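Working notes, structure below.
Here the structure is a predicted model, which means the values were calculated and not measured.
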Amino acid sequence: MIRAFIAIGSNLGDSVTQAQNAITALSEIDGVDVIKASSLYSSTPMGPQDQPDYINAVVEIATTLSPLDLLDCTQAIELAHGRVRKDERWGPRTLDLDILLYGDLIHDCERLTVPHYGMKVREFVLYPLAEIAPDFILPDQTALSSLLQDVDRNGLAIWQQS
């Protein structure tokens with residue numbers, strides 16, 4: 001089993017329910033065991049500001065799936081929850097699932113980059129990750145705790161405790 005972490009984000013529709021349903025859907029994938037989920041957090045949009053705030057969380061899983069098979073499963077969950085992929089980067093969405101980390105793998109291909117390319121600077125990823133894995137060391141040997149020292153909360157707040 002590989003230890004992996006998946007970020008959840010939603011800001012369209014009932015975002016709290018979307019995030020909770022995503023955690024349930026992850027637990028229903030063959031070859032995936034949900035180990036721990038962070039609290040739900042409220043965050044301001046990273047991109048255009050004329051959109052609703054996000055609900056975010058991070059989930060720790062153990063999986064036997066390959067990284068690309070896991071990606072296929074997360075994208076299927078997004079589609080089942082009404083995700084429409086558009087060219088607009090950082091726009092509003094019903095559900096966004098990003099594979100943040102997949103074991104110690106460092107991988108970059110057209111479909112998937114792990115560790116996730118933006119995770120080191122995104123408060124809505126780092127703080128929920130730190131909640132469930134406070135002593136985590138990234139594959140490049142960066143301590144999660146050191147990243148937190150450089151990333152402001154930017155209004156990030158716990159919406160619902162896990």
Side-chain angles (χ1 to χ4, degrees), residues 1-11 18-19 22-41 43-47 54-81 83-91 93-154 156 158 162:
M1 297 287 263
I2 300 291
R3 181 183 190 198
F5 293 88
I6 298 174
I8 298 172
S10 174
N11 76 335
Q18 293 277 27
I23 296 167
T24 299
L26 288 167
S27 71
E28 294 171 348
I29 299 170
D30 287 337
V32 172
D33 292 322
V34 171
I35 306 302
K36 200 180 298 183
S38 74
S39 299
L40 299 180
Y41 289 75
S43 68
T44 57
M46 191 171 98
Y54 275 81
I55 292 296
N56 299 99
V58 172
V59 177
E60 177 183 358
I61 65 168
T63 185
T64 57
L65 298 177
S66 72
L68 291 178
D69 287 342
L70 181 59
L71 178 64
D72 289 341
C73 290
T74 60
Q75 289 179 341
I77 292 169
E78 290 174 339
L79 289 173
H81 287 85
R83 170 76 185 262
V84 177
R85 293 198 178 277
K86 300 177 183 175
D87 289 338
E88 181 185 10
R89 194 172 183 108
W90 302 312
R93 56 206 57 194
T94 56
L95 186 62
D96 186 31
L97 299 176
D98 288 328
I99 300 171
L100 299 174
L101 298 152
Y102 182 90
D104 289 332
L105 181 67
I106 298 174
H107 178 81
D108 188 5
C109 74
E110 185 177 326
R111 291 192 60 213
L112 179 65
T113 299
V114 287
H116 188 277
Y117 66 91
M119 72 171 287
K120 288 184 174 184
V121 296
R122 295 181 179 172
E123 72 279 357
F124 54 87
V125 170
L126 294 176
Y127 285 93
L129 177 60
E131 178 187 331
I132 61 175
D135 300 322
F136 194 79
I137 306 293
L138 278 68
D140 68 0
Q141 301 308 302
T142 302
L144 177 58
S145 59
S146 71
L147 295 173
L148 291 171
Q149 294 173 8
D150 296 329
V151 176
D152 187 73
R153 282 185 169 266
N154 292 324
L156 182 74
I158 292 179
S162 61

Residues two or more places apart in sequence or in another chain: which of them pass side chain to side chain donor-acceptor pair (under 3.5 Å) with [X]?
| X | value |
| --- | --- |
| Asp108 | Thr113 |
| Ser146 | none |
| Ser43 | Asn56 |

Looking only at non-hydrogen atoms, find the nearest pair between [X] and [Y] and report the distance.
| X | Y | value |
| --- | --- | --- |
| Leu65 | Val32 | CD1-CG2, 3.8 Å |
| Gln18 | Ser10 | CB-OG, 3.6 Å |
| Asn11 | Tyr54 | ND2-CE1, 3.2 Å |
| Ile132 | Val59 | CD1-C, 4.2 Å |
| Ala57 | Ser39 | CB-O, 3.8 Å |
| Glu123 | Asn154 | OE1-ND2, 3.2 Å |

Just verifying a value: how many Å separate [X] [atom1] and [Y] [atom2], rounded to the nearest 0.5 Å?
| X | Y | atom1 | atom2 | answer |
| --- | --- | --- | --- | --- |
| Ile61 | Ile23 | CD1 | CD1 | 12.0 Å |
| Glu78 | Ile8 | CD | CD1 | 10.5 Å |
| Thr63 | Asp69 | OG1 | CG | 8.5 Å |
| Leu129 | Leu100 | CG | CG | 7.0 Å |
| Asp96 | Ile6 | CG | CD1 | 11.5 Å |

_Check: Val58 main-chain N/O paired with Ser38 side-chain donor or acceptor under 3.5 Å_ = yes

_I'd like to check the side-chain contact (heavy atoms from CB on, under 4.5 Å) partners of Asp104; sequence neighbours left out, ordered by chain and number._
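side-chain contact (heavy atoms from CB on, under 4.5 Å) list for Asp104, sorted by chain: empty.
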
*What residues form a side-chain contact (heavy atoms from CB on, under 4.5 Å) with Pro67, not counting sequence neighbours?*
Tyr102, Leu105, Leu112

*Can you list the steps and then say if Leu138 with Leu147 is a side-chain contact (heavy atoms from CB on, under 4.5 Å)?*
CA-CA 10 Å; Leu138 278 68; Leu147 295 173; 4.2 Å; yes

*asked:* Going by side chain to side chain donor-acceptor pair (under 3.5 Å), name the pairs with one or both residues in residues 132-143, residues two or more places apart or in two chains.
replied: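 Every pair satisfying side chain to side chain donor-acceptor pair (under 3.5 Å) with a residue in residues 132-143: Lys120-Asp140, Asp140-Thr142.
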
*Which residue pairs pass the side chain to side chain donor-acceptor pair (under 3.5 Å) test when at least one of the two sits in residues 26-36, sequence neighbours left out?*
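Qualifying pairs, neighbours excluded: none.
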
*For Phe136, enumerate each residue passing the ring-ring contact (aromatic ring centres under 6.0 Å, His included) test, keeping only those at least two apart in sequence or located in another chain.*
Phe5

_Residue list, ring-ring contact (aromatic ring centres under 6.0 Å, His included) with Tyr41, at least two apart or on another chain_ = none

*asked:* Under the criterion side-chain contact (heavy atoms from CB on, under 4.5 Å), I'd like the reasoning laid out for Ile29 against Ile77: C-alpha separation, chi angles, the key distance, then a yes or no.
replied: CA-CA 10 Å; Ile29 299 170; Ile77 292 169; 3.7 Å; yes

*Side-chain contact test, heavy atoms from C-beta onward, threshold under 4.5 Å: evaluate it for Ile2 versus Leu70 and give yes or no.*
no

*Tell me, with the steps shown, if Leu101 and His116 meet side-chain contact (heavy atoms from CB on, under 4.5 Å).*
CA-CA 7 Å; Leu101 298 152; His116 188 277; over 6 Å; no

_The criterion is salt bridge (charged side-chain N to carboxylate O under 4.0 Å, His left out); which residues satisfy it with Glu60, sequence neighbours excluded?_
Arg3

